[in-house]
Amino acid sequence: MNILEQLPIPLLSWYRENARTLPWRSAPTPYHVWVSEIMLQQTRVAAVLGYYQRFMDALPTVEALARVEEDVLMKLWQGLGYYNRARNLQKAARQIVDGFAGEFPRTYETLLSLAGVGEYTAGAIASIAFGVSVPAVDGNVLRVVSRITGDDSDISRPETKVRMREALLQIIPRDAPGDFNQAMMELGATVCVPNGAPNCDNCPAKSFCAAFLQEKTAQLPVKAPKRARRTEERRVFLIFTQNGEKRVALRRRPARGLLAGLWEYPNELKAVDHPLETWGVHPVGTQYGGVGKHIFTHIEWHMTAQIVYIEENDLPKGWIWADRAALRRDYAVPNAFQSFAHLVEERL
DNA sequence: AAGACGGGGCA
DNA sequence: TGCCCAGTCTT
């Protein structure tokens, strides 16, 4: 017999008592659910809160999102990370407007065809916005299921995810699939937590949870170790105008890859010699700008900044001069350069 | 199946 | 520091 069969009733009851009040829950239209789910991918609720409302104020409809200029979109996403999510969001908005005549897709399979919508997100939108009985299996759900069933399979394996998804499909309440999925995630986020001891005293599953009953919560879930990240030594050039208006040089990053399409202070690996010369930049004066560090999931940047003054007309093709207002309003600069933000602002 | 892809919070 | 987060896409 399936131990999970005991879960839905106490879980839903617990959820109705303990659900957090979240902005995307107040009016769960398909558009609201979709945008919030994309923002929440690999991102904590607390981090999304500061972005969601501002995004909705700027782009209240799927049509507005489909039409917005990419730089404005990226500015709204600046600091949230995984920037392809934003670009895929707009791609999908155009799919909806052009391909589905503005009518939001309402089946799991059709939702899957939208850019940036995978198994989890398709399940979340289908169940929460349209009441379709499909699971939404994220990291929280994998952890909760592993513990309740005492399953020690590696949850990073696709095969494990498929099996747990199928088990959930058997028990998901047909009259409340959206609440059930949200309740599973809410439980994982607030009670059956990943770091440190879970709060089993307040868990609706404590009477039948295998991990709790066998005191194995610390051993579950099982997850394969990640590969170590590599380090990159980089020189960052904070380039200012020598005369006239106070401005700083920015250039756009390549359209693909890390931080694609965002703006940055020109920088290069330390292993590469004479980047200024290569760019055709002729310093009038230079000064040490301190060090900075930024940790990505798979790379660690160790940065040394150099302050450089050049003539205004010495700016390489394609780069731009930004004054303080433009830097704040128009250009999405990733948080990787946050260590130098203060230094730059002081000089603008 | 593995790697790329951000950034932050917490033990 | 290392882990993990309402994952998806590419190779």
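Convention: sequence-line order gives letters A, B, ...; per-chain numbering from 1.
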I need the minimum non-hydrogen distance between [X] and [Y], along with the two atoms involved.
{"X": "A:S156", "Y": "A:K223", "result": "CB-CG, 4.2 Å"}
{"X": "A:G123", "Y": "A:A136", "result": "C-CB, 3.9 Å"}
{"X": "A:I148", "Y": "A:L4", "result": "CG2-CD2, 4.0 Å"}

Quantified in whole Å, what is the [atom1] atom distance between nucleotide [N] and nucleotide [M]?
{"N": "C:dT1", "M": "B:dC5", "atom1": "P", "result": "24 Å"}
{"N": "B:dG9", "M": "C:dT8", "atom1": "C1'", "result": "23 Å"}
{"N": "B:dA1", "M": "C:dC5", "atom1": "C1'", "result": "22 Å"}
{"N": "B:dA11", "M": "C:dA6", "atom1": "P", "result": "15 Å"}
{"N": "C:dT10", "M": "B:dG6", "atom1": "P", "result": "14 Å"}
{"N": "C:dC9", "M": "B:dG8", "atom1": "P", "result": "24 Å"}

Reckon [X] touches a base, only the sugar-phosphate, or nothing at all at heavy-atom distances under 4.0 Å?
{"X": "A:R25", "value": "base"}
{"X": "A:G188", "value": "nothing"}
{"X": "A:F296", "value": "sugar-phosphate"}
{"X": "A:E119", "value": "sugar-phosphate"}
{"X": "A:V117", "value": "sugar-phosphate"}
{"X": "A:A136", "value": "nothing"}
{"X": "A:W77", "value": "nothing"}
{"X": "A:A115", "value": "sugar-phosphate"}
{"X": "A:R20", "value": "base"}

I need the [atom1]-[atom2] distance between [X] and [N], as an integer number of Å.
{"X": "A:L80", "N": "B:dG9", "atom1": "CG", "atom2": "P", "result": "12 Å"}
{"X": "A:K293", "N": "C:dT1", "atom1": "NZ", "atom2": "P", "result": "5 Å"}
{"X": "A:N195", "N": "B:dG8", "atom1": "CG", "atom2": "C1'", "result": "12 Å"}
{"X": "A:I38", "N": "C:dC5", "atom1": "CD1", "atom2": "C1'", "result": "15 Å"}
{"X": "A:E232", "N": "B:dC5", "atom1": "CD", "atom2": "P", "result": "10 Å"}
{"X": "A:I299", "N": "B:dG7", "atom1": "CD1", "atom2": "P", "result": "11 Å"}
{"X": "A:W301", "N": "B:dG7", "atom1": "CH2", "atom2": "C1'", "result": "13 Å"}
{"X": "A:F337", "N": "B:dG6", "atom1": "CZ", "atom2": "C1'", "result": "13 Å"}

Query raised in the report: For A:P158 and A:G81, take the nucleotide of DNA chain B holding the closest heavy atom to each; which residue's nucleotide lies nearer the 5' end?
Result: A:P158

Query - Contact nearer the 5' end of DNA chain B, comparing A:T297 with A:G196 - result: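 The residue closer to the strand's 5' end, by nearest nucleotide, is A:T297.
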
Query raised in the report: Do A:Q95 and A:D98 have side-chain heavy atoms sitting under 4.5 Å apart?
Result: no

Return the nearest nucleotide to the side chain of [X]; candidates are [options].
{"X": "A:Q42", "options": "C:dC9, C:dC5, B:dG7", "result": "C:dC5"}
{"X": "A:A336", "options": "C:dC4, B:dG7, B:dC5", "result": "B:dG7"}
{"X": "A:R230", "options": "B:dA4, B:dG9, C:dT8", "result": "B:dA4"}
{"X": "A:L259", "options": "B:dG6, B:dA1, C:dC5", "result": "B:dG6"}
{"X": "A:N88", "options": "B:dG6, C:dC9, B:dC5", "result": "C:dC9"}
{"X": "A:L22", "options": "B:dG7, C:dA6, C:dC4", "result": "C:dA6"}
{"X": "A:R256", "options": "C:dA6, C:dT11, C:dC4", "result": "C:dT11"}

Within the pair [X] and [N], is there a side-chain N or O less than 4.0 Å away from OP1 or OP2?
{"X": "A:Y83", "N": "B:dG7", "result": "yes"}
{"X": "A:R227", "N": "B:dA2", "result": "no"}
{"X": "A:H298", "N": "B:dG3", "result": "no"}
{"X": "A:R229", "N": "B:dA4", "result": "no"}
{"X": "A:H294", "N": "B:dG6", "result": "no"}
{"X": "A:N335", "N": "B:dG8", "result": "yes"}

Report task. Without swapping roles, check the side chain of A:R247 against the backbone of A:W321 for a donor-acceptor pair under 3.5 Å. Result ->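 No; zero donor-acceptor contacts below 3.5 Å.
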
Less than 3.5 Å between a donor and an acceptor, one on the side chain of [X] and one on the base of [N], is that the case here?
{"X": "A:R85", "N": "B:dC5", "value": "no"}
{"X": "A:T121", "N": "C:dG7", "value": "no"}
{"X": "A:T43", "N": "B:dG7", "value": "no"}

Query raised in the report: Can the ring centroids of A:H294 and A:F296 be said to lie less than 6.0 angstrom from one another?
Result: yes

Query raised in the report: Taking the inter-plane angle between the rings of A:W263 and A:Y331 on a 0 to 90° scale, is it parallel (under 30°), tilted (30 to 60°) or perpendicular (over 60°)?
Result: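 It falls in the perpendicular class, over 60°.
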
**Report entry** Basic-acidic side-chain contact under 4.0 Å: A:D179, A:R16
**Finding:** yes

Query raised in the report: Taking NZ, NE, NH1 and NH2 as the nitrogens, is one of them in A:K246 or A:E312 under 4.0 Å from a carboxylate oxygen of the other?
Result: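 Salt bridge flag = no for A:E312 with A:K246.
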
